[in-house]
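Written out below as structure tokens is the structure these notes cover.
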Amino acid sequence: MDNLITGAEALMRALEHEGVRTIFGYPGGSIMPVFDALYDHRKTLNHILVRHEQGATHAAQGFARVSGEVGVCLVTSGPGATNTITGIADAMIDSTPIVVIAGQVATSFLGTDAFQEVDLVGVTQPISKWSYQIRRAEDVPWAVARAFYIARSGRPGPVVLDFAKNAQTDKMEYAPVTVDFIRSYMPVPETDPESIRQAADLINGAERPLVLVGQGVELGNAQKELRAFIEKAGLPAGCTLLGLSALPSDHPLNKGMLGMHGNLGPNINTNKCDVLIAVGMRFDDRVTGNVNTYAKQAKIIHFDIDPAEINKNIKVDVAVLGNCKDTLAAVTELLQLATHQEWLDSFRVYEEVEEEKVIRSELHRPAGRELSMGEVVRAVSEATGNKAILVTDVGQNQMMSARYFKYTQERSIVTSGGLGTMGFGLPAAIGATFGRPDRTVCVFMGDGGLQMNLQELGTVMEQQAPVKMILLNNNYLGNVRQWQAMFFNRRYSFTPMLNPDYMQIAAAYGIPSRRVMERTDLPSAIAEMLAAEGPFLLEVCVEEEGNVMPMTPPGGSVNQMLLEC
């Protein structure tokens, strides 16, 4: 019959039906029929050939985080599929919507330990929202529609489709499928009107309220609702790592970053506030510190879309379930106008202490002292007009970037929060350039993290992806070294790094680059990097034993922050 098409061709049409424009992937034997079908869809489906399947998942994450769309990966079976595991786990814990489509051996070979056979569904079920094996060509449209609905709805996350080879080559009659309902799956829970009233009453009666802003605000597109909420009642706010760009850095009620390396004010005042209002965050241990001493004096309100997060780590007094775009607006209507000026003034004391003890020495160093990570980050941020997308790797570069970059636009930070994946930065930045080609993308990396997915420079080269790569090179695995200095008697066990010549590596990939060792050269080097039309690698040699401060020591209370090592 002339109207029959292969399952591989059906996949292409189903992806187009979902609005997919960009795919990150790597071909192989068990997915070859799909890549053959993709050859005829190159005008509508832009496939980005990465150099490693882990890079594909992180690129899809970067794409999804900045665009608000679902990121897509296409890989083969066996090692191709297992190479995506880290990215799937990362996307799950950081609520990033991606769909990973992996080839699989034909159904007749399942369970025989055939060449490059892996039970991908069994492996990924614990770290994905849904994992499904497509065994028949006629199931392709339904499976794809369901996958995208699950990935993007409610609390977003990764979905895995394991695509048997016979299902790719068998014929079927295609008809587009749309899924907007799944029995027993409630992506947005019903909001209890009583919880809205209770939350408003607690906030209206508060003398020392504090809002904790999480990534849920960005995922729910509730940035405007958040501002209206805090401005009406004069509520100071602190932001989690993933929630930093939900509120402009210069907003008068934004009191800085929460967590182990966050700002003094919001961390210390967490244990002084009388009402703590968590919005779209999960009370991660890096934010709470010792849960036994966390905000015991406060009534706690938790806005969240995921019922599983309520009372999981911290016992709350009022749970407001639903999309925070709706629930924040509903509570705001019931709030009384307030300023809480005396409470707001208390943050200034901590800001002054942190400025004197930490920030000044990090950002304003005298001539002759080595460059610091913080001053490099701030200089890059200011040179972009504080309008760039920040992507980070993991480690000291991540914490310094989060602290000293400034945010003026939404969806402006891409980092591996919950899993802390070294090697995340470079491929995620590549994905971000495709997700938001209209914005400047700056990725900060350490010498350790860059080398974990260094091969993705090949993707940068081939695509001429305009990634502005800033390598903060201290010749150490800096974050581990800092812990060794503070808690292991400076026993630097396998943290010093013998590094290659990154300028030669950049040259081998045809990427313009520059190395900076002196402070006087930094402004011109940043200007050269930002003026480059395509990619650029800026290596900055920073002090080898610099530390990220303040710091809540492991197991410590959130208000017991160290100001020096």
Side-chain angles (χ1 to χ4, degrees), residues 64-70 94-97 151-157 186-193 195-200 202-203 209-258 266 275-284 287 300-310 316 318-335 389 407-415 417-418 435-436:
R65 294 268 282 273
V66 301
S67 68
E69 301 175 14
V70 178
D94 281 352
S95 304
T96 306
R152 65 164 66 100
S153 61
R155 181 179 181 176
M186 185 180 295
V188 181
E190 186 177 346
T191 303
D192 181 3
S195 70
I196 299 293
R197 186 193 63 78
Q198 291 176 350
L202 279 178
I203 297 169
L210 178 61
V211 179
L212 311 182
V213 178
Q215 188 193 197
V217 173
E218 299 261 57
L219 296 175
N221 297 312
Q223 297 90 344
K224 291 181 181 178
E225 288 75 13
L226 172 70
R227 289 195 295 271
F229 173 71
I230 64 174
E231 288 168 0
K232 184 174 183 180
L235 307 173
C239 298
T240 67
L241 175 64
L242 296 183
L244 281 171
S245 62
L247 193 62
S249 298
D250 60 357
H251 193 288
L253 292 172
N254 188 346
K255 299 305 174 184
M257 186 170 77
L258 300 161
V275 175
L276 190 68
I277 308 145
V279 185
M281 54 87 73
R282 58 187 180 84
F283 290 109
D284 174 73
V287 167
I300 300 178
I301 304 167
H302 193 176
F303 290 78
D304 211 286
I305 201 169
D306 186 356
E309 291 298 340
I310 304 301
V316 304
V318 178
V320 185
L321 291 172
N323 189 325
C324 60
K325 187 176 183 68
D326 302 318
T327 55
L328 282 174
V331 172
T332 301
E333 287 186 7
L334 302 180
L335 294 183
I389 290 173
Y407 312 93
T408 59
Q409 298 182 38
E410 302 165 358
R411 293 185 178 270
S412 289
I413 181 168
V414 180
T415 190
R436 287 300 302 269

Minimum heavy-atom separation for Ala246 and Glu218, please, with both atom names.
N-OE2, 3.5 Å

Rounded to the nearest 0.5 angstrom, the OG1-CZ distance for Thr415 and Arg65 is 7.0 Å

To the nearest 0.5 Å, how far apart are CD in Glu231 and CG in Leu226?
9.0 Å

Evaluate Ile277 against Leu210 for side chain to side chain contact (heavy atoms under 4.5 Å, CB included), listing each step before the verdict.
CA-CA 6 Å; Ile277 308 145; Leu210 178 61; over 6 Å; no

Examine distances only and state if a side-chain atom of Ser412 and a backbone atom of Glu410 form a donor-acceptor pair shorter than 3.5 Å.
yes

N/O donor-acceptor pair under 3.5 Å between Ser245 side chain and Tyr407 backbone:
no

Passes salt bridge (Lys or Arg N to Asp or Glu O under 4.0 Å), Arg155 versus Glu309? Steps please.
CA-CA 11 Å; Arg155 181 179 181 176; Glu309 291 298 340; 2.7 Å; yes

Inter-residue atom distance Asp304.CG - Asn323.CG, 0.5 Å rounding
10.5 Å

Would you mind reporting whether Lys255 and Leu247 have side-chain heavy atoms less than 4.5 Å apart?
no

Short side-chain to backbone donor-acceptor contact, His302 and Met281, under 3.5 Å:
yes

For the student: nearest non-hydrogen atoms of Asn254 and Pro248, plus distance
ND2-O, 3.1 Å

For residues Gln223 and Asn221, determine if any side-chain heavy atom of one lies less than 4.5 Å from a side-chain heavy atom of the other.
yes

Shortest non-hydrogen pair, Leu241 vs Gly417, comes out as CD2-CA, 4.2 Å

Ile301 side chain reached by Val275 side chain, heavy atoms, under 4.5 Å
yes

4.5 Å side-chain heavy-atom contact, Leu276 and Leu212:
yes

Under a 3.5 Å distance rule, please check whether Gln215 uses its side chain to pair with a backbone N or O of Gly280 as donor and acceptor.
no

Can you tell me how far CG of Leu321 sits from CD of Glu190, rounded to the nearest 0.5 angstrom?
10.0 Å

Is the shortest distance from a Lys or Arg side-chain nitrogen in Glu225 or Lys325 to a carboxylate oxygen in the other one below 4.0 Å?
yes

